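As the structure is a prediction and not an experimental result, all values here were calculated from the model.
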Amino acid sequence: APAPNVSHLGLCITRSGGQLGTFLGVFTPTILTILGVIMYLRFGWVVGQVGLWSTLLIVVLANALTLLTALSLSAIATNSKIGVGGAYYMISRSLGPEIGGAIGLPLFFSQALSVTLYAFGLAESLKFVWPGIPVSAAAFVIILLVAGLSLKGASFALKMQIPVMVLIGLSLVVLAVGAFDGTSLVAEQASGFSTAPALGFWVVFAVFFPAVTGIMAGLSLSGDLAEPRRSIPIGSVLATLVGLVVYLVVPILLIFGADRPSLLDDPLIWTRIALFGPWLVLPGLWGAIFSSAVGSMLGAPRTLQALTVDRLLQRWLAGSPQPGD
C-alpha cells in the first residue's frame, strides 16, 4: 500500500491535551533515567580504569553529545506542533512518514523490551541483600508492578517517582559526606592514576555513554504535556545540565573516598564510602532502576498509538486516540 500523505496524518494527535507540566512531565522522567544504574555500579570502575582527569573528559564529551541532541529536539519542538508519539511524531513530521515509520517501529520495540532489561537489572541488584533470590521470578513480579503503576496514568506514575528523586539526592549527599570524612588521598589517587589503564579511553567511554542517553524519557510523554513546545526544551536541557553537574562531582567524590583497587573491583563501592553504608545508597539504586522501567512502560504504548493513528500499523492497536490515553 502507498505510504500515507503526511499532511493527513495524525489528525487526532496534532494537539496535546495533557495536563503535565515541565517539571513532572519532562524533567522528572529525564533526570531519573539519566541518573541510573551506571552511575551507581560502573562509575567507580570508570574512574579506576582511566583516572580522574580522563573520567572528567569522558563526562564532558558524552554530555556534549547529549546536549547537542537536546538542543536539536528543542529546535524542532519549538517550530512545530507536538502530539502523541514523542520522537516518532517529531521525526515523521520533519522527515516524512517513511522515515518516521522506519524509526518508530524499532523505537517502540526498544522501549517495550527495555522494561524487561530494567526489571532484570533490578532483580539482579536485589541479590546484594538477598543472594538466593530467584531472578526470573523477581523480574516477572517487577514487570507486573511497573505495569500496574503505569495503568494508573502518567501523572500518577510520575508523582510516585518524586520520592525516588529524593532518594537519589540523599544517596549523593551521603556519598559526599562519607568521601570527605574518610582517609586522605594516597599518591596514586592524587596524580590521577598515572599507571597504565587496563582498558583504553574509548572502551571506557563506550561503557559510560549509556548513562547520558536518557533524554528521550520526557520526550516520549509529549502527548501528555499541557505545553509541549515550552516544556520539552526547558525540561530536556535542564535535565541534561543537571546530569552533567552530578557526573562531574561524583568522580571527585569517588576518588577522595576510595583507592584504585577498590574502585576497579567493587561495584558497590558507593556503599563502602557513603555515610550509613548501603542504607541510603541501595534504595537510591533500586529507585533509579525502577523509575527507568516506568519511563519505558509509559513511552512504549504512546509510540505504538502514534504509529497506529498514522495508519502505519493496524488501527485496532490504537485504542482511544485521545491525548493521555
Side-chain angles (χ1 to χ4, degrees), residues 16 18 20-39 43 55-95 99-100 103-104 106-108 110-111 114 154 158 161 164-165 168-169 172 205-250 288 291-292 294-296 298-300 302-303 306:
S16 173
L20 296 178
T22 302
F23 178 76
L24 195 62
V26 181
F27 178 81
T28 296
T30 302
I31 194 62
L32 289 179
T33 305
I34 291 175
L35 303 180
V37 63
I38 293 178
M39 180 182 74
F43 223 155
T55 298
L56 296 179
L57 179 59
I58 287 174
V59 169
V60 171
L61 288 176
N63 277 273
L65 295 174
T66 304
L67 182 60
L68 289 174
T69 306
L71 293 174
S72 297
L73 65 89
S74 297
I76 298 175
T78 53
N79 284 282
S80 61
K81 293 181 179 180
I82 303 297
V84 175
Y88 159 73
Y89 186 93
M90 296 174 68
I91 293 169
S92 64
R93 272 48 179 183
S94 300
L95 302 177
I99 295 179
I103 293 176
L107 176 63
F108 160 71
S110 71
Q111 291 170 329
S114 290
L158 293 174
Q161 294 192 71
V164 175
M165 191 182 303
I168 294 176
L172 292 170
F205 178 91
V207 172
F208 172 79
F209 185 74
V212 301
T213 58
I215 61 171
M216 304 294 286
L219 179 61
S220 299
L221 302 177
S222 58
D224 297 82
L225 300 174
E227 299 180 73
R229 298 178 67 176
R230 177 178 181 272
S231 296
I232 290 174
I234 295 176
S236 299
V237 173
L238 184 59
T240 303
L241 294 177
V242 171
L244 171 61
V245 172
V246 172
Y247 283 158
L248 288 175
V249 172
V250 169
S291 65
S292 298
V294 172
S296 295
L298 291 175
R302 285 158 173 78
T303 302

Tell me, with the steps shown, if Val294 and Leu32 meet side-chain contact (heavy atoms from CB on, under 4.5 Å). CA-CA 10 Å; Val294 172; Leu32 289 179; over 6 Å; no

Contact summary for [X] and [Y], nearest pair of heavy atoms:
X      : Y      : value
Ser222 : Gly83  : OG-O, 2.5 Å
Ala239 : Thr30  : CB-CG2, 3.5 Å
Ser292 : Thr33  : OG-CA, 3.8 Å
Val164 : Ala288 : CG1-N, 3.8 Å
Ser291 : Gln161 : CB-OE1, 2.7 Å
Leu35  : Met39  : CD2-SD, 3.9 Å

Would you please test Val212 and Ile38 for side-chain contact (heavy atoms from CB on, under 4.5 Å) and show each step? CA-CA 9 Å; Val212 301; Ile38 293 178; over 6 Å; no

Side chain [X], main chain [Y], donor-acceptor under 3.5 Å:
X     : Y      : result
Thr78 : Ala75  : yes
Ser92 : Tyr89  : yes
Thr66 : Thr213 : no

Stepwise side-chain contact (heavy atoms from CB on, under 4.5 Å) test for Ile103 and Tyr88: CA-CA 7 Å; Ile103 293 176; Tyr88 159 73; over 6 Å; no

Indicate the ring-plane relationship of Phe43 and Tyr247, choosing parallel, tilted or perpendicular according to the 30° and 60° boundaries.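 The arrangement is perpendicular - the two ring planes meet at more than 60°.
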
Is there a side-chain contact between Val26 and Leu221 in this structure, where contact means two heavy atoms from C-beta onward sitting under 4.5 Å apart?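 Val26 does not reach Leu221 side chain to side chain.
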
Side-chain heavy atoms of Phe209 within contact of Leu61, under 4.5 Å: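 Of all side-chain heavy-atom pairs linking Leu61 with Phe209, none is under 4.5 Å.
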
Distance, nearest 0.5 Å, that separates [atom1] of [X] from [atom2] of [Y]:
X      : Y      : atom1 : atom2 : result
Ile232 : Ile215 : CD1   : CD1   : 11.5 Å
Ser220 : Leu107 : OG    : CG    : 6.5 Å
Leu67  : Asn63  : CG    : CG    : 8.0 Å
Met216 : Gln111 : CE    : CD    : 7.5 Å
Thr69  : Leu219 : OG1   : CG    : 11.5 Å
Phe27  : Leu238 : CZ    : CG    : 5.0 Å

Can you name the ring pair (Phe, Tyr, Trp, His ring centres under 6.0 Å) partners of Phe108, sequence neighbours left out?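 Result, ring pair (Phe, Tyr, Trp, His ring centres under 6.0 Å) vs Phe108: none returned.
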
Before giving the answer on side-chain contact (heavy atoms from CB on, under 4.5 Å), spell out for Leu298 and Leu158 the whole-Å C-alpha distance, their side-chain angles and the decisive distance to 0.1 Å. CA-CA 10 Å; Leu298 291 175; Leu158 293 174; 4.2 Å; yes

Who pairs with Thr240 by side chain to side chain donor-acceptor pair (under 3.5 Å), at least two apart in sequence or on another chain?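 Scan of Thr240 (side chain to side chain donor-acceptor pair (under 3.5 Å), adjacent residues dropped) gives none.
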
A quick test of your reading: do over 12 heavy atoms of other residues, nucleotides or ligands sit less than 6.0 Å from CZ of Arg230?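 Atom CZ in Arg230 is not crowded, with 12 or fewer foreign heavy atoms closer than 6.0 Å.
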
